[in-house]
Number of protein chains: 2
Amino acid sequence: MRQPTIRDVAERAGVSKSLVSLVLRGSDQVRPEKRDAVLRAAQELGYRPNAAARSLSEQRTRTVGVLLNDLRNPWFVDLLDGLNSLLHANGLHMLLADARLNRRTGQDPADPLLDLRVDGLVVVGTLPDPAALGAVAERIPVVLAGSREPAPPGVDVVAGDDERGARLVTEHLIGLGHRRIAHIAGYGAVGELRRGSFEAAMRRHGLAERAVVEPSDMTEEGGYRTTVRLLSGPERPTAVFAVNDMAAIGVLSAAEELGLRVPRDLSVVGYDNTSIARLRHVWLTTVDNTSHEVGRRAARCLLERFEGPGGAGRTQLATPTLEIRGSTAAAP
Amino acid sequence: MRQPTIRDVAERAGVSKSLVSLVLRGSDQVRPEKRDAVLRAAQELGYRPNAAARSLSEQRTRTVGVLLNDLRNPWFVDLLDGLNSLLHANGLHMLLADARLNRRTGQDPADPLLDLRVDGLVVVGTLPDPAALGAVAERIPVVLAGSREPAPPGVDVVAGDDERGARLVTEHLIGLGHRRIAHIAGYGAVGELRRGSFEAAMRRHGLAERAVVEPSDMTEEGGYRTTVRLLSGPERPTAVFAVNDMAAIGVLSAAEELGLRVPRDLSVVGYDNTSIARLRHVWLTTVDNTSHEVGRRAARCLLERFEGPGGAGRTQLATPTLEIRGSTAAAP
């Protein structure tokens, strides 16, 4: 049986050969319908690109390791989808490890992946130990996806533009007439960029003195505790912008417990557009990080480094959008 | 980007290749100075014994593959915790693969794990293709965890006792005075066992005629759609028992949309005690599957099969408990 070629894929998808090759290289210049048609045709035909065979020597495992920071926060699900679609189209498998579980048992989180000699590593989310990744990056391509952490040399970073996202949220709330706005902050690069941008937007609107910032551990429990304190004090804020959806769920719970109706008495915004924010019962206004796109771009960075290793690390930012749902309304 | 080899380690340590390999196999026939020199050189070079090569001699990668059915439903998180704790205590690593992602790209879901020659496989959740697992189980130990699917020969099953869990739910609702009770059912072994047990409990209490069963796809969306239909008809049920927490969240949304207050007008129960059910904003009465215990028992099954392979597959059931929270109350 003849192996399917790029020409077969093009024919089946009803596009040109050069468009197929653009898609397989992960180009942005292709319309989503065309891209989907090509990836579907490649899959249906069982097409395996020559590029993958060329770039991967016989010692390679054809497997990319993905290190997840914490499986309990589901923000990474769309990112994995995007990553997997492009890796698979290039003949690569994907395996996952949960950094939180590995840390709990005292392992170096990436070890199980490295021991099996993955060809490349994608670190999804906040970085546990940047120095350790430097040593890994000297041997295999490493990409940080979804969080703009300081990266070791030679490591690419693909993340959402957190400053832009936080500005969208703050201006949405100000536009609704809110003046006293609280931010439940987080940690790491994600926490700092979102907080800094919230404060800058408040300053630009002459509201620096009405801004309240409270730290949190980015969990539901943390968002809940911080909000109970915030809402019980004098000069209650009319809107709360939480650093992520998990903390925002905690804000919703605190509001409910204190007898405040969302969004009538209190507007609440999250960040990440997780599956939880999309639940009808929650229906949270939040920032969509275009995680599927972040995942695809991270895959492209890896593929490029397989083709031509070395070179300085680059940072790419995807443009987030605001998803306005049921948890925000005009200030009371 | 070349990975360091055993030859590089030997050169750096100033010893022979065979001495390096003796040290790496933990031989005590090597003088301590030599052993230290070899281990230091291996560490400085970032050398990792080639898992594939090692598995040819030792037949071990010391890695267990975990195949997850769908990362979007977080019920498996505690199970992984329990699994990991015991595997790690025995010097084994754990790697994950997402069956849904692999299926979407047309791969056999377990392939990426098997290609890297994991020592054992744990399948978490509903089984995609039991026949395929039979072939795997002839080569390495396989355990099904969290779902009582029909298992191929030689495969152990560790799951929660779904019949007992569904009975606890049904009797809780009947005890609260509910008579017309609906069950949003699911599929697979999990779906059938829970439905069958609900129907049996209703029959035992002479309520067979008041029981309503509606199928669903076990998602939030499915739970929502089914409930909108259920609650809009005549003879509305006063309680809904959903096959899992995700579908129960859909029930909550439907109730809210139809202007029914939970639990005053409608009691709702889920199953799995996921992190979502525990959110204060949701606070769902649900069944706790003791998933951590299921994970630990699955690890023990694997470890026993590593020690003494072969033998018939066994089924173990963990005893679930009912978590009574804010979504159930006396019938109106």
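From a predicted model like this one, the values you see are computed outputs, not experimental measurements. Excluded from the calculations below are hydrogen atoms, water molecules and symmetry mates; all remaining heavy atoms, backbone and side chain alike, are included.
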Subject >> Trace of the side chain to side chain donor-acceptor pair (under 3.5 Å) decision for B:Asp272 with B:Thr274 >> reply: CA-CA 5 Å; B:Asp272 291 339; B:Thr274 58; over 6 Å; no
Subject >> Intermediate values then yes/no, side chain to side chain donor-acceptor pair (under 3.5 Å), B:Ser291 and B:Asn289 >> reply: CA-CA 5 Å; B:Ser291 291; B:Asn289 259 323; 5.0 Å; no
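Of all the listed residues (B:Gly250, B:Ala97, B:Ser253), the one sharing the greatest number of non-hydrogen pairs under 4.5 Å with chain A is B:Ser253.
Neither the backbone nor the side chain of A:Leu39 comes within less than 4.5 Å of any heavy atom of chain B. Looking at A:Leu252, the atoms closer than 4.5 Å to chain B (heavy atoms on both sides) sit in the backbone and in the side chain alike. Proximity to chain A is absent for every atom of B:Leu68, based on heavy atoms less than 4.5 angstrom apart.
With respect to B:Arg278 and B:Asp78, a salt bridge is recorded, a charged nitrogen being found less than 4.0 Å from a carboxylate O.
Between A:Met94 and A:His88 the shortest side-chain heavy-atom distance does not fall below 4.5 Å.
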